[in-house]
Amino acid sequence: MSREYVLNPVERAEPLRIDYASLLNEQQLAAVQAPAGPILVIAGAGSGKTRTLTYRVAWLIEHGVPADHILLMTFTNKAAREMLSRVELLLKRDVKGIWGGTFHHVGNRVLRRHAAMLGYKGDFSIMDREDAKDLINACLTDAKIDTTKERFPKGDVLADVFSLAINTERTIAQVLTGHYPYFEQLAEQVAKVETAYRERKLKTNAMDYDDLLLNWLRLMREHADIRALYQSRFQYVLVDEYQDTNKIQADLIDLLAAQHRNLMVVGDDSQSIYSWRGANFQNIITFPDRYAGTQVFKIETNYRSVPEILELANESISANVRQFPKELQAVRKSGTKPWLIQCGDGNQQANFVAQRILELRDEGYLLNDIAVLYRSHFHCMEVQMELQRRNIPFSVTSGLRFFEQAHIKDVAAYLRYAINPGDELAFKRAAQLLPGVGGKTADRLWALASGGKPLGRMEHDAPKKATAEWKQFAATIAELREPGLANQPGAMIRRVIECGYDNYLKARYANYTARLEDLNQLQIFAQRFESTEDFLSDLALMTNVESEDETAPEQENEERVRLSTVHQAKGQEWGVVFVVYLNDGMFPSVKSLENRDGEEEERRLFYVAVTRAKDELYLSYPLLRFSASQQELLQKPSRFVLEVPPELMEEVKANLRSREY
DNA sequence: AGAGTGGGCCTTTTT
DNA sequence: GGCCCACTCT
C-alpha cells in the first residue's frame, strides 16, 4: 500500500515525518505510540500485526532511539528483511544498524564474536538436521550400545529428543517420559550419547541449530560482562510471533530485556502451531504476570477477509478451551460463503482445484493471488500432477530446503572443510564423493587427516582407483585455502565446480543441467558475501527456497499458484485459498491426535489456514484415498468442517463433467 | 570387507 | 523421495 504521508502539523524541534494517526487505526496507533515498558500486543489474524510492528520501529527511530539499539526478532529472516525495508521506505533513511532476524540468526551473530569464551573457534560450522543425525549416529556407533538386544532410538529420533530437551529446558529423561515413554528406561544411555554428541560437536568446531540458542544463553548467563554488553545495548526489544516461542527463546528474551524492560511482544495465541518444536503459548498468556506493569493492547479489526470467511474462522476456533477469548471484527463488505467440496477421490479433488483455478484466472485473478494449502507435504501430489498436466504454473514450498539438496550440500562441504579443517562431517561428505570411498574409508582417511597428515601426502591412503581424484581433491582444498580465495565464497564455488564436481554431477544425476543451474545461482548468491563464514551460516539458516527466494529473485514476480503447507503459509495471504484433504486423520493428522493437546493445536492450524483467504475459500475432502498398499480407504470429512454450523458453508459435490459445483 | 545398487516400505509440521 | 535391507561386485 503506497500512501503519501503528511508532516505532522504540530511544532517540534524535529518534526515527525510520518502521520501515524492517519495511517493506523485506533488500536494500532495506541500500540505504536505506547510509552516505554513491557507491552503485550494481542493481534488477531489479518489485523495488521506486521504493520503495527513496522510503525513501532519507525516511531522509535523518529523519537531518537539509535537503530543499533533496537532488536527485532522475527519468525523468518524474510519477515525481518521485509519489515526493515518498509521502515526504510517510511523514514527514507537507512536502518541497517537494527539487529533483526530469527533467534538462530541473531544467536549466530553473537556467537561468532564470542565463540572463544565457550571453547569454540569463530569460524565454527553450522550443522543442519541431516548433519546432526549423521553425527549422532556416529556417536551411537562409538558408544557400542547393543541395539540388537533392545530397540534403541536411531539418530533421527535422538536428534528430536535432544532438540526438545534444549528448547523446553528439560532433561533427557523428562522428554523421554513425556514424548517417548517406550524409551523411558533407556534415559541413562541416551543421555550418554548426548554427552558424546556434545563433545564431538565441540571437537569438530560445529554447532547445530539448538546450539545457536543454547550456547548464546550460556554465554550470557555465565559471563557477566557479555550479559551486560547486550543488556545495555538493546534498549528496545521487539518480538514477532511470540506465541510460537519456546522456553529457551523466552528466557533469551527475558535476559536481553532485563535491564531496560522495553519489551514489546506481538502474537496471537490462536495461531500457535509449533508446540511440537517446544513452542509454548503459555509464554504469551503469562506475559503480564511475568512483567509487572504490562500494557496490553488488543488489535481485533480484520482487514483481510470477507465476513463470511471470518465467521467460519471465529466459529471454528471457539471450540478450543485454552485461549484468550477474542472475536475478530470484519471491516470488509459481505462476499461469498466458504465452499465445502466433497470429492470422490484425490484425483477428482485435484481436478476440481485445477479447473477452478483456470476459471478464477478468467475471472481476473492473478495466479500469484491463489494458494493451495495442506497439512502435510505429500498431500499435494495429485494437485501438482494435475497443474503440471494443464500447464498451470505453480511453485511448491517443498519439504526439502535449498541447502538440503545433495548437490548444494556437496559443494558447501568443500567450503566448510576448507575454512574449518576440524569439520569432520564436511570432510567425510566431500571424501565420499570420490570413487570407491564409502563410510569406512572416509573414517580412516579422516583419522589420518585430523591426525595432522597433509592431504597432499595421502594419495596412497585413498583407494587405488581414486588416486587421481584424491590428488585433485587435495589440490582443490589447498587452493581454496589460499588467502586470495578463502574469503570469496562465489569464486570458491566456481573452483569446486570446475575442479571435478561438474563431472561428478554429470555422471551421478539425470537432471544434471538443473542442478548445475542451482549451483550457478548459488555462486551468484555467494558473491554478495564478504566472508565465507557469513555465506555458509546464511545458507544453513535460510528457510525454504521458495519462501526466501534469495537465489532466484527474478522468480518473485512470476505468475504462479502457490502450493504450501499451512505451517509455511503462516503470515501470508491470498485472494483465493484452497485447503485440500480435509479428512479426519489427515487434517487433523493421526499422529497429532495421540497426545492430549494435539487436537486443539490442529484446530489452530485449521484456523491459520482459513484466515489466509481474503475473498474466497474452498475446503475440500475426498471420500476415498489410495493408501500405500493400493487399497482404497473410506475417508471421513475432517472434524473441523463437521463441527462448524453447516449454514456457514456452501456445500457441493464436485462433478467436473457438468461443472456443477 | 566394504562399496554400490535395487527393491520394498513409509510419509506431520521446521529453525 | 528417503530409508533400510539384501544382494552383487570389486
Side-chain angles (χ1 to χ4, degrees), chain A residues 73-80 101-108 126-130 132-134 137 154-157 159-160 163-164 166-167 207-214 241 244-246 248-249 272-279 373-381 384 396-401 403-406 431-444 462-466 507-508 537-544 547-548 564-570 581 585-595 598 601-602 604-606 608-609 625 627-630:
Chain A
M73 301 297 248
T74 54
F75 201 73
T76 64
N77 291 316
K78 186 190 177 195
T102 61
F103 280 88
H104 297 88
H105 190 87
V106 177
N108 175 56
I126 298 177
M127 303 161 64
D128 68 358
R129 250 320 272 271
E130 194 190 357
K133 188 198 72 189
D134 289 348
N137 274 329
K154 299 255 188 305
D156 233 358
V157 179
D160 267 348
S163 183
L164 207 55
I166 288 171
N167 283 292
M207 295 196 199
D208 63 21
Y209 290 139
D210 301 320
D211 288 329
L212 296 177
L213 307 182
L214 182 63
E241 309 280 12
D244 279 322
T245 54
N246 54 38
I248 195 169
Q249 291 168 333
S272 173
I273 54 176
Y274 280 89
S275 74
W276 47 274
R277 205 167 88 183
L373 306 182
Y374 37 84
R375 177 66 180 85
S376 311
H377 288 295
F378 73 96
H379 295 170
C380 73
M381 287 310 298
Q384 268 193 65
V396 197
T397 53
S398 72
L400 245 210
R401 298 183 308 136
F403 177 73
E404 286 166 348
Q405 293 169 271
Q432 287 185 64
L433 299 174
L434 307 179
V437 180
K440 296 288 173 183
T441 313
D443 284 350
R444 195 168 49 76
K464 268 207 186 71
K465 65 173 169 182
R508 177 80 174 73
S537 19
D538 263 40
L539 191 62
L541 295 176
M542 229 161 91
T543 39
N544 272 273
S547 60
E548 294 273 325
S564 168
T565 62
V566 182
H567 282 91
Q568 295 190 37
K570 178 174 171 173
Y581 273 117
M586 300 187 79
F587 196 166
S589 77
V590 191
K591 287 250 180 187
S592 69
L593 299 173
E594 284 168 7
N595 48 342
E601 172 137 331
E602 294 285 299
R604 292 193 294 269
L605 196 58
F606 179 67
V608 169
R625 177 167 74 98
S627 75
S629 55
Q630 296 297 320

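The structure presented is a predicted model; accordingly, all values stated were derived computationally and were not measured. We name chains A, B, ... by the order of the sequence lines, and we start the count at 1 in each one.
Within the structure, every side-chain polar atom (N or O) of A:Ser589 is placed at least 4.0 Å from both OP1 and OP2 of B:dT13. At B:dT11, none of the side-chain N or O atoms of A:Lys591 fall inside 4.0 Å of OP1 or OP2 (strictly under the cut-off). Distances shown here put every side-chain N or O of A:His105 at or beyond 4.0 Å from the OP1 or OP2 atom of B:dT15.
Atom CG in A:Leu593 sits roughly 15 Å away from atom P in B:dT13 (whole-Å rounding). Rounded to an integer number of Å, the gap from CE of A:Met381 to P of B:dC10 is 18 Å. Atom CD of A:Gln405 is separated from atom P of C:dG1 by 10 Å (rounded to the nearest Å). Between the CG atom of A:Asn246 and the P atom of B:dT15 there is a distance of 14 Å, rounded to whole Å. Counting to the nearest Å, the P atom of B:dT13 and the CD atom of A:Glu602 are 11 Å from each other. Atom OH in A:Tyr581 sits roughly 15 Å away from atom P in B:dT13 (whole-Å rounding). Computed from coordinates, the A:His567 NE2 to B:dT15 P distance equals 11 Å when rounded to whole Å.
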Give every pair of a protein N or O atom and an N or O atom of nucleotides 1-5 of chain B that lie under 3.5 Å apart, one pair per line with the distance.
from  : atom 1 : to       : atom 2 : distance (Å)
B:dA3 : OP1    : A:Gly438 : N      : 3.0
B:dA3 : OP1    : A:Gly438 : O      : 3.4
B:dA3 : OP1    : A:Thr441 : N      : 3.0
B:dA3 : OP1    : A:Thr441 : OG1    : 2.6
B:dG4 : OP1    : A:Gly436 : N      : 2.9

Would you tabulate the nitrogen or oxygen pairs shorter than 3.5 Å linking the protein to nucleotides 5-9 of chain C?
none

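Comment: A:Glu601 engages A:Arg604 in a salt bridge, judged by a side-chain N to carboxylate O separation of less than 4.0 angstrom. Of the charged side-chain nitrogens involved, at least one lies within less than 4.0 Å of a carboxylate oxygen, so that A:Lys570 and A:Asp244 count as a salt-bridged pair. Under a 4.0 Å N-O distance rule, the pair A:Arg129/A:Asp134 does not qualify as a salt bridge.
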| said: Does A:His567 form a ring-ring contact (aromatic ring centres under 6.0 Å, His included) with A:Tyr274? I'd like the steps, not just the answer. | reply: CA-CA 8 Å; A:His567 282 91; A:Tyr274 280 89; 5.1 Å; yes
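Partners of A:Asp210 under the side-chain hydrogen bond (donor to acceptor under 3.5 Å, both in side chains) rule, at least two apart in sequence or in another chain, are A:Ser163, A:Asn167.
Heavy-atom distances to DNA chain B give each of A:Ser592 and A:Asp210 a nearest nucleotide, and the one nearer the 5′ end belongs to A:Ser592.
Between A:Phe606 and A:Phe587, the two ring planes are perpendicular [angle over 60°; tilted spans 30° to 60°].
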